[in-house]
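Order of the sequence lines fixes the chain letters, A, B, ..., with proteins taken first and strands second; residue numbering starts at 1 for each chain.
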Protein chains: 2
Amino acid sequence: MSKTTAPAAQRSTYRHGDLQRALLDAGIDLARGGGPAAVTLREATRRAGVVPNAAYRHYASRDALLQAVRRAALAALAVAIEDQLARLRTTADAAASARASLRAVGSGYLKFARTEPGLFRTAFSVPDALQGAAVAEKAGASGLNPFQLLGAALDRFVDAGLLPPQRRLGAEYLAWSAVHGLAMLIIDGPLRAMSPSQQTLVLQRLLDMVEQGLVTPEGAAAVTAGRK
Amino acid sequence: MSKTTAPAAQRSTYRHGDLQRALLDAGIDLARGGGPAAVTLREATRRAGVVPNAAYRHYASRDALLQAVRRAALAALAVAIEDQLARLRTTADAAASARASLRAVGSGYLKFARTEPGLFRTAFSVPDALQGAAVAEKAGASGLNPFQLLGAALDRFVDAGLLPPQRRLGAEYLAWSAVHGLAMLIIDGPLRAMSPSQQTLVLQRLLDMVEQGLVTPEGAAAVTAGRK
DNA sequence: ACGATATGTGTACGCCATCCACAAGCACGA
DNA sequence: TCGTGCTTGTGGATGGCGTACACATATCGT
């Protein structure tokens with residue numbers, strides 16, 4: 001009876017359907033709660049109702065799973081940024097809307113870091129392989145990169161004539177560094193204790209100064225004139 | 001013979017002398033090579049020539065040891081910054097020397113991040129206790145904090161009349177964020193692949209823009225006038 | 001000289017990643 | 001239709017890790 005026809009219950013669970021996806025989801029959930037250190041093969045498989053070794057059919061190692069979670073976290077950050085961008089009302093004033101979109105990117109970035117610290121930390125955690133020394137960069141460049149979104153906001157500054165193209169690259173690094181650095185300092189740095197309202201206020205002032213650093217004197221003059 | 005007077009060799013290793021320090025040194029060495037994940041109680045005790053549990057007489061947990069290593073790494077970063085500051089030639093021009101010291105802090109910060117990525121990552125890694133949610137901030141504030149050094153550089157901007165005091169706090173956040181963020185992006189972010197020479201060039205331009213963001217229009221005018 | 005205290009040892013448990021051999025389901029061709 | 005072979009999950013084992021508990025040994029104050 002048990003030999004020729006296996007019990008249906010056992011057979012139904014033997015094939016999971018989409019274990020790869022289930023493991024990834026479990027990993028994301030773990031990262032959300034406890035950062036990269038919390039995503040463990042055994043717990044992920046446990047949540048998927050499967051034996052630990054089953055994971056190896058879909059991910060070469062724990063680090064491979066973590067890498068997938070990292071990509072997902074990065075994508076989630078990008079979505080959060082796009083959310084903020086979508087909130088913007090369209091305006092005819094190119095300069096104003098360029099500034100607005102930079103602010104949207106910044107606040108989306110920060111909001112994600114604050115509301116999903118585990119995922120944020122995971123997104124920027126270091127793969128095991130890189131811990132020691134430099135490693136040849138892999139392809140990557142999957143769609144919807146947060147930094148690309150920030151770059152797009154800078155494009156609008158260039159289009160609006162606020163930022164001369166030859167200063168574009170330096171401006172990009174400044175904006176990346178400022179926003180990312182602020183998020184890091186707020187997440188686990190000396191700014192951790194600040195209240196959320198104060199944090200957004202700091203972001204506002206920081207972006208003011210970034211703009212002041214970005215905008216070429218002539219551009220700034222033009223804007224000031226236009227504002228009056 | 002073996003009862004009344006124990007053999008000297010055994011007695012000499014039973015008391016380690018300064019195991020606490022030895023464990024910390026081992027931990028620092030491990031962090032240097034492999035980042036925070038590499039500092040493990042068992043390996044540290046192994047290097048100190050002692051059994052794993054001995055560590056618990058000096059550190060309450062692995063995380064406690066890691067915390068000590070973090071503090072040491074932070075102090076090492078501060079030393080690297082002071083090194084760069086010490087290289088500066090003294091000048092009468094207050095404005096010029098303020099700018100120079102900001103640059104020194106920035107390049108010290110970045111140089112440390114590049115030459116000691118393991119320690120840098122360890123310095124800013126997150127204690128286990130904080131991984132999930134916010135936690136009441138402990139005292140900390142030990143001497144020689146990198147961020148205090150950056151603050152001191154900004155003091156000189158204020159003293160030189162380049163930065164109005166009421167903009168001081170925002171300026172501090174901008175400078176922190178920009179420098180720290182750039183270091184992060186270079187260590188494990190999208191700027192990892194850049195050559196060191198290009199990285200320092202980016203730092204230069206970034207600091208230019210930070211200054212431009214810092215300096216009040218009147219101050220800038222004064223400086224420009226003075227330069228001519 | 002002796003007892004309290006600090007420091008290191010031994011043994012053990014549970015969690016983890018990972019390796020190997022095996023079994024169960026499925027897909028496709030003889 | 002019945003294999004035959006590939007994919008996916010299982011079982012069992014190994015070694016590393018943090019950590020708890022009981023024990024041994026050195027040192028120090030009285």
Starting from [atom2] on [N], measure out to [atom1] on [X] and report it in whole angstrom.
| X | N | atom1 | atom2 | result |
| --- | --- | --- | --- | --- |
| B:L65 | D:dT19 | CG | C1' | 14 Å |
| B:L23 | D:dG18 | CG | P | 12 Å |
| B:R57 | D:dA20 | CZ | C1' | 11 Å |
| B:Y59 | D:dG18 | OH | P | 15 Å |
| B:D63 | D:dG18 | CG | P | 11 Å |
| B:L66 | D:dT19 | CG | P | 11 Å |
| B:L30 | D:dG16 | CG | P | 16 Å |
| A:R62 | D:dC17 | CZ | P | 15 Å |

inquiry  = Taking B:D188 first and then B:R121, would you say they form a salt bridge - that is, a charged N and a carboxylate O separated by under 4.0 Å?
reply    =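 Yes, this pair counts.
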salt_bridge(B:K111, B:D83) N-O dist < 4.0 Å =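 A salt bridge is absent here (no side-chain N lies under 4.0 Å from a carboxylate O).
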inquiry  = With a 3.5 Å cut-off and heavy atoms only, can you find an N or O donor on one side and an acceptor on the other between the side chain of B:N53 and the base of C:dT11?
reply    =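 Flag set: donor-acceptor pair detected.
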[N] phosphate, OP1 or OP2: any side-chain N/O from [X] under 4.0 angstrom?
| X | N | value |
| --- | --- | --- |
| B:H58 | C:dA6 | no |
| B:Y56 | D:dT19 | yes |
| A:R46 | C:dC16 | yes |

ask   = If you look at every strand shown and take non-hydrogen atoms under 4.0 Å, does B:R42 touch a base, only sugar-phosphate, or nothing?
value =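 Counting heavy atoms under 4.0 Å across all strands, the contact made by B:R42 includes a base.
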inquiry  = For B:Y109 and B:F120, take the angle between the two ring planes, folded into 0 to 90°, and tell me which bin it lands in: parallel under 30, tilted 30 to 60, perpendicular over 60.
reply    =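 Perpendicular, since the angle between the ring planes exceeds 60°.
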request  = Just say parallel, tilted or perpendicular for the rings of A:W176 and A:F147, cut-offs at 30° and 60°.
outcome  =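 A:W176 and A:F147: tilted rings.
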request  = Report the nucleotide, chosen from C:dT9, C:dT18, D:dT19, that has the shortest atom-to-atom distance to any side-chain atom of B:V51.
outcome  =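 Taking heavy atoms from C-beta onward, the closest nucleotide is C:dT9.
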task = Identify which nucleotide among D:dT10, C:dA17, C:dT9 has an atom closest to any side-chain atom of A:T40, counting heavy atoms from C-beta outward.
result =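 Selected nucleotide: C:dA17.
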task = For A:R192 and A:Q199, work out which heavy atoms get closest and say how close.
result =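 For A:R192 versus A:Q199, the nearest heavy atoms are O-NE2, 4.1 Å.
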